[in-house]
2 protein chains.
Amino acid sequence: MSINSCIVERFSELRELDEQEKDLLANLERDLKSYPTGERLQAIGDPASQFFTLHSGWACSVRVLADGQRQVLDIFLPGQVMGLREMGFDKSHAEIVALTDVEACPFPRTRLKELLEEAPRLGELFFIVMAREQAMLTERMISIGRRPALKRIAHFLLEFKVRLGCSDDEFEFPLNQPVIGDALGLSAVHVSRTLSTLRKRGLVASENGTIRLLDVEHLIDLAEFERGYLDCHMRWAQE
Amino acid sequence: MSINSCIVERFSELRELDEQEKDLLANLERDLKSYPTGERLQAIGDPASQFFTLHSGWACSVRVLADGQRQVLDIFLPGQVMGLREMGFDKSHAEIVALTDVEACPFPRTRLKELLEEAPRLGELFFIVMAREQAMLTERMISIGRRPALKRIAHFLLEFKVRLGCSDDEFEFPLNQPVIGDALGLSAVHVSRTLSTLRKRGLVASENGTIRLLDVEHLIDLAEFERGYLDCHMRWAQE
DNA sequence: CGTGGGGTTGATTCTTATCAATTCGGGTGG
DNA sequence: CCACCCGAATTGATAAGAATCAACCCCACG
């Protein structure tokens, strides 16, 4: 393949893949299209007949309520398959929106079905991927339901440190405050205030799209962040 | 099989099953154990090496925070597989608790793997089941994040009407107010007040474990409940 | 008969939303 | 180069929604 495939990279973290499996996965990421920031890749009510692999940039799925309020459901990073949740439904229940300039590859859901027939051993990996995404959903549900704003945001930031796999404590973070609010069930104004107190406490620093976690241990403590959260071990799939 | 199998019933709603598939599924529900109300089927940190099929009664998965607050993640009804989300992780991230007297069948996760090897066509159905559960999670995340208590509870009640598949507007509803609160990110006290205003408005009535929706149309309107939500069509799996 | 869990109700407090005004920085066009 | 505009972020003042605390009732159950 000419481009390096993010999805192959991701899945390789779960289990050693053979060449056929790698090829099949990489095919899901072959025909990249570019979408500018803010572009809507999928609208509510669209027939749920296609998925997307995200190759570069950040995206999210979001549900808009009657009064204009928004709830962000997922934040997608490169290597993720977007739309898997719509599997089993006729119509999409959420929009998919590009949060930065994005390269993604749309593919029909039948392709996934074919792929699983050709390489049934990949099915298990898709299960694990879905389970991991559910774990992120439930963790955010816990945040929104039971944690105050400060812990919510601290937890949210730590989650990205883990998801991005950066050993460093400074990373690109292109989410603006309204998006953070819509992901965490807060108003943009309150996100601003809360980030500001995190800054005042010397826990984080940020400048134009980059965030730096100044005291990870303290943050983990504050957020009751579970170490090992999201560790999907290769062991599992290899048993 | 001697007992009728709830899980076979459930899966049959998604696709016509052949006899082998039915047998394999029914096997997951063969060795029923009884758990009294309040019993913990699984604890946090338990090795995530087994799942449960729920045969009768209601159960939930719940996460307890350091300060004792709780967030209920799922409410399980008969025919559901409990613990699927832990797939891919070493340790369980949530408790599973019996909300009523319960009959359930624990089985090792390896059984699921074997089953999928013997009947690969069932894999797709498990995907759809997981997607449907994710849809319920996201819908509740939207409630908790963005809907006021009245709409939250209205939506919650309507969801059970759909999940229970009861054409009637009156059904068994064994959840007490603390549990409802923990599922919806509210305090038990506020659940009481909110249910009371729903009653005052003539929208619902309830007595000892039974609830009656007096004005479903109005409730749907109030909750912005999407008709067709959770309709996983047989069509999908049959394509 | 006590006991404890669930439910209700009232008073008060706390967190967060909302509304509004201001600043800042980055683009755009004259 | 500057005036302008716009979106994002900040800050203050106020309001709304829900939590908390507390008292009480009811009832099933030992």
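A, B, ... follow the sequence lines: proteins, then strands. Residue 1 opens every chain.
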Protein-nucleotide distance ([X], atom [atom1]; [N], atom [atom2]), rounded to Å:
X        : N      : atom1 : atom2 : result
A:Leu198 : D:dA9  : CG    : P     : 15 Å
A:Lys151 : C:dT16 : NZ    : P     : 11 Å
B:Ile180 : C:dG6  : CD1   : P     : 12 Å
B:His190 : C:dT15 : NE2   : C1'   : 13 Å
A:Gln71  : C:dA17 : CD    : P     : 12 Å
B:Phe173 : C:dG6  : CZ    : C1'   : 15 Å
B:Leu184 : D:dA18 : CG    : P     : 11 Å
B:Asp67  : D:dT20 : CG    : P     : 9 Å

Need one value for [X]: base, sugar-phosphate or nothing, where a base atom within 4.0 Å counts as base even if backbone is also close, heavy atoms only.
X        : result
B:Val189 : base
A:Leu195 : nothing
A:Gly185 : sugar-phosphate

Base, backbone or nothing for each nucleotide of nucleotides 21-28 of chain C, written B, S, -, heavy atoms under 4.0 angstrom, 5' to 3'? --------
Check this for me: does any side-chain nitrogen of one of [X] and [Y] sit under 4.0 Å from a carboxylate oxygen of the other?
X        : Y        : result
B:Lys33  : B:Glu103 : no
A:Glu86  : A:Arg109 : no
B:Asp169 : B:Lys161 : yes
B:Arg85  : B:Asp74  : yes
B:Arg199 : B:Glu207 : no

With axes from five pairs an end, tell me the bend angle of the helix from C:dC1-D:dG30 to C:dG30-D:dC1, nearest 10°.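 The end axes of the helix from C:dC1-D:dG30 to C:dG30-D:dC1 are about 30° apart, to the nearest 10°.
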Of B:Arg146 and B:Pro178, the one whose closest DNA chain C nucleotide lies more 5':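 Looking at the nearest nucleotide for each, B:Pro178 comes out on the 5' side.
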Return the nearest nucleotide to the side chain of [X]; candidates are [options].
X        : options               : result
A:Arg152 : C:dT16, C:dT9, C:dT8  : C:dT16
B:Ala149 : C:dG6, D:dT20, D:dA18 : D:dA18
B:Ser187 : D:dT20, C:dA17, D:dA8 : D:dT20

Answer yes or no: does a side-chain N or O of B:Gln177 lie under 4.0 Å from OP1 or OP2 of C:dT8?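 Checking C:dT8 against B:Gln177, a side-chain N or O does come within under 4.0 Å of OP1 or OP2.
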So does A:Arg199 get a side-chain nitrogen or oxygen closer than 4.0 Å to the phosphate oxygens (OP1/OP2) of D:dA9?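 Negative; the distance criterion is not met.
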Side-chain donor-acceptor pairs of residues 182-195 of chain A under 3.5 Å, sequence neighbours excluded:
from	atom 1	to	atom 2	distance (Å)
A:Asp182	OD1	B:Arg146	NH2	2.7
A:Ser187	OG	A:His190	N	3.1
A:Thr194	OG1	A:His190	O	2.6

Ignoring hydrogens and geometry, is there a side-chain-to-backbone donor-acceptor pair from B:Glu29 to B:Cys6 under 3.5 Å?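 The answer is yes, because a donor-acceptor pair under 3.5 Å joins these two groups.
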Is there a donor-acceptor pair closer than 3.5 Å between any side-chain N or O of B:Ser92 and the backbone N or O of B:Ala48?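 Side chain of B:Ser92 to backbone of B:Ala48: no pair is present.
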So which of B:Leu214, B:Val216, B:Leu157, B:Asp215 actually passes side chain to side chain contact (heavy atoms under 4.5 Å, CB included) with B:Val204?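 Running side chain to side chain contact (heavy atoms under 4.5 Å, CB included) over B:Leu214, B:Val216, B:Leu157, B:Asp215 with B:Val204 returns exactly one hit, B:Leu157.
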Go through the N and O atoms of the side chain of A:Arg193 and the base of C:dT18, and report whether any donor-acceptor pair is under 3.5 Å.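 Check passes, donor-acceptor contact within cut-off.
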Measuring from A:Arg212:CZ to A:Glu170:CD, what's the distance to the nearest 0.5 Å?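 Rounded to the nearest 0.5 Å, the CZ-CD separation comes to 4.0 Å.
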